[in-house]
Amino acid sequence: LLRPHTLAVLAFILFQIAILSRRPRLTALAAFIFTLSYHAFYIPLAGMFFLFCLSFLEERIESLQWRRIALHGAFGCFAGILVNPYFPGNVVLAVIHARIPSLMQKELSGLNFGEELLPVRADHLLQIFHGPLLVILLGTFLLGFQMRQSDQKRSFSLPFGHLLSAAIFFQTLCFQIARAGEYLVPICGFILILIFEEWKKWWKGLSLCLSLLLVGQIFYLNFKVQEWVSTTGIDTKEETIRAIAAIPKEARGLKVFNCEWDRSPYLLYFRPDLKFVDILDPSFLYFADSAAFKGREEIRNDTSADIYGFVRKAFKADYVLCRD
């Protein structure tokens, strides 16, 4: 299944294109798609806030135009929230999701899922996001150089400032939650485009060489990721499919106690006639029934005194699908 945040990241990229091309209606549409498809409505709203604040640094006519774009984006955000068929549940979900990273450091600490929701240590942050950090430093240097070189305000200054403020925001947010990198990387991509465009004025060859170097790095990173995927542990897909195939066909309507939430998509796909514990974020079980959540964690950590009784009586399950 296509995860909704994939569509949200695409809408986020469209959102930035709309702002950079100064198209208020496209900005509103992109913000609408984002909030309609994904719960994290505060992401585009933060971008509109930065843009609105920076607009006061421009001349009056330019300032009004940028504020108009920011207000169109905010309107698109709120329209997407309200039109969502699950409203106000989507707002509640956003609040719950915003709480999960802090819970991962407290009540949900020690769990072996959701590493992308954990804070990133400073040394690890430099290791993972050294590329975006370098882009932010280059962009800040270039913006300062251009503003010092000319007393006149230039049209690229505000878009550049908007992108840099957003990049710094997401880079800082990575200290709290690693998934902020999903928005940091596209933002830095746009900053790189503006940097290359500016360098073209000095020497076109430099911009071309850096572009080719960037493309080469992307291919290299993709190769390393594929290499890592091919050498990591047991094949979850194959072993899960074999286990599901062992469940009798006549077990229609019965329940499977699954230890790992990432095995439930296979259950849903191959045996939609069966019931199982969860398929969404594992933290939701904690919010729904914290005692059940803690009981399942005890089973996974092999600290439960009565595994059979818990699985059979508390969860009323007929089968077990567990690797832990």
A side-chain contact here means heavy atoms from C-beta on lying under 4.5 Å apart; do Asp318 and Arg312 qualify? yes
Ring of Phe56, cation from Arg67 - is the NZ or CZ under 6.0 Å from the centre and inside 45° of the axis? yes
Go through it in stages, so that I can follow the logic: the residues are His39 and Asn90, the test is side chain to side chain contact (heavy atoms under 4.5 Å, CB included), and I'd like the CA-CA distance, side-chain angles, deciding distance and then a yes or no. CA-CA 6 Å; His39 66 272; Asn90 55 332; 5.6 Å; no
Heavy-atom count around Asp302 CG within 6.0 Å, excluding the residue itself: above 12? no
Let me see the working for Gln171 and Leu133 under side chain to side chain contact (heavy atoms under 4.5 Å, CB included), right down to the final yes or no. CA-CA 8 Å; Gln171 181 87 60; Leu133 184 59; 3.9 Å; yes
Between the side chains of Arg242 and Glu239, is the shortest nitrogen-to-carboxylate-oxygen separation below 4.0 Å, so that they form an ion pair? no
Quick one: CG on Leu45 to CZ on Phe52, what's the gap to the nearest 0.5 Å? 13.5 Å
Contact summary for Gly139 and Ile195, nearest pair of heavy atoms: N-CD1, 3.8 Å
Looking at CD of Gln16 and CD1 of Ile191, how far apart are the two atoms once the value is rounded to the nearest 0.5 Å? 9.5 Å
Transitive ILVMFWY side-chain link Ile33 to Leu71, under 4.5 Å: no
Take the angle between the ring planes of Phe310 and Phe257 and call it parallel below 30°, perpendicular above 60°, tilted in between. perpendicular
Apart from Tyr86 itself, what residues make up its hydrophobic cluster when side-chain heavy atoms of I, L, V, M, F, W and Y under 4.5 Å apart count as a link, directly or indirectly? none
Are Ile13 and Val135 connected in the hydrophobic side-chain network, where two residues link if heavy atoms are under 4.5 Å apart? yes
In Å, rounded to the nearest 0.5 Å, how long is the span from CG of Leu10 to OG1 of Thr6? 9.5 Å
Would a hydrophobic clustering, with Ile, Leu, Val, Met, Phe, Trp and Tyr connected at side-chain separations under 4.5 Å, put Phe293 with Ile307? yes
Do side-chain atoms of His162 reach the backbone of Leu158 as a donor and acceptor pair under 3.5 angstrom? no
Please confirm whether the backbone N or O of Phe315 pairs with a side-chain atom of Lys255, one donor and one acceptor, at under 3.5 Å? yes
Does Ile17 form a side chain to side chain contact (heavy atoms under 4.5 Å, CB included) with Phe190? I'd like the steps, not just the answer. CA-CA 9 Å; Ile17 292 173; Phe190 284 110; 3.6 Å; yes
Test side chain to side chain contact (heavy atoms under 4.5 Å, CB included) applied to Phe15 and Phe34, step by step: CA-CA 9 Å; Phe15 181 64; Phe34 186 101; over 6 Å; no
Within the side chain of Ser55, is there an N or O that forms a donor-acceptor pair under 3.5 Å with the backbone of Trp66? no
Rounded distance [0.5 Å steps], CG in Leu26 versus CG in Leu14: 4.5 Å
Whether Arg179 and Glu182 form a salt bridge (side-chain N of Lys/Arg under 4.0 Å from carboxylate O of Asp/Glu) is what I want to check. yes
Assigning hydrophobic clusters by single linkage (Ile, Leu, Val, Met, Phe, Trp, Tyr; side-chain heavy-atom cutoff under 4.5 Å), is Val185 placed with Tyr183? no
Can you see which heavy atom on Pro24 is nearest to which on Ile69, and at what distance? CG-CG1, 4.0 Å
Run the salt bridge (Lys or Arg N to Asp or Glu O under 4.0 Å) test on Glu297 and Lys294 for me, step by step, so that the C-alpha distance in whole Å, both residues' side-chain angles and the decisive distance to 0.1 Å come before the verdict. CA-CA 5 Å; Glu297 287 306 307; Lys294 291 173 182 175; over 6 Å; no
Close side-chain approach of Ile19 to Met48, heavy-atom, < 4.5 Å: yes
If you draw a 6.0 Å radius around CZ in Phe49, do more than 12 non-hydrogen atoms from other residues or ligands fall strictly inside? no
Ile61 atom CD1, over 12 foreign heavy atoms within 6.0 Å: no
Applying the 4.5 Å side-chain criterion to the ILVMFWY set and letting contacts propagate, would Ile168 and Leu192 be lumped into a single cluster? yes
Please check: side-chain N/O of Asn258 versus main-chain N/O of Val277, any donor-acceptor pairing under 3.5 Å? yes
Can you confirm whether more than 12 heavy atoms, excluding those of Tyr42, are under 6.0 Å from its OH atom? yes
Looking only at non-hydrogen atoms, find the nearest pair between Ala166 and Ile187 and report the distance. CB-CD1, 4.0 Å
Do Leu7 and Tyr38 touch side chain to side chain, with heavy atoms closer than 4.5 Å? no
Arg271 side chain to Ile247 backbone, donor-acceptor under 3.5 Å: yes
Side chains of Arg23 and Thr27: do they bring a donor and an acceptor to under 3.5 Å? no
Sidechain-backbone polar pair: Asn84 side chain, Gly80 backbone, donor-acceptor under 3.5 Å: no
Closest approach of Pro186 and Gly181, non-hydrogen atoms and distance? CD-O, 4.4 Å
Report the distance from atom CG of Leu194 to atom CG of Leu164, rounding to the nearest 0.5 Å. 9.0 Å
Given a cutoff of under 4.5 Å between side-chain heavy atoms of I, L, V, M, F, W and Y, with clusters grown through shared members, what are the other residues clustered with Phe32? Leu36, Val83
To the nearest 0.5 Å, atom CG of Leu184 lies from atom CD1 of Ile136 at 5.5 Å
With salt bridge (Lys or Arg N to Asp or Glu O under 4.0 Å) as the criterion, how do Asp278 and Arg296 come out once you've worked through the C-alpha distance, each side chain's angles and the decisive distance to 0.1 Å? CA-CA 12 Å; Asp278 60 12; Arg296 186 169 71 163; 2.9 Å; yes
Would you say the side-chain atoms of Asn301 pair up with the backbone N or O of Thr303, donor to acceptor, closer than 3.5 Å? no
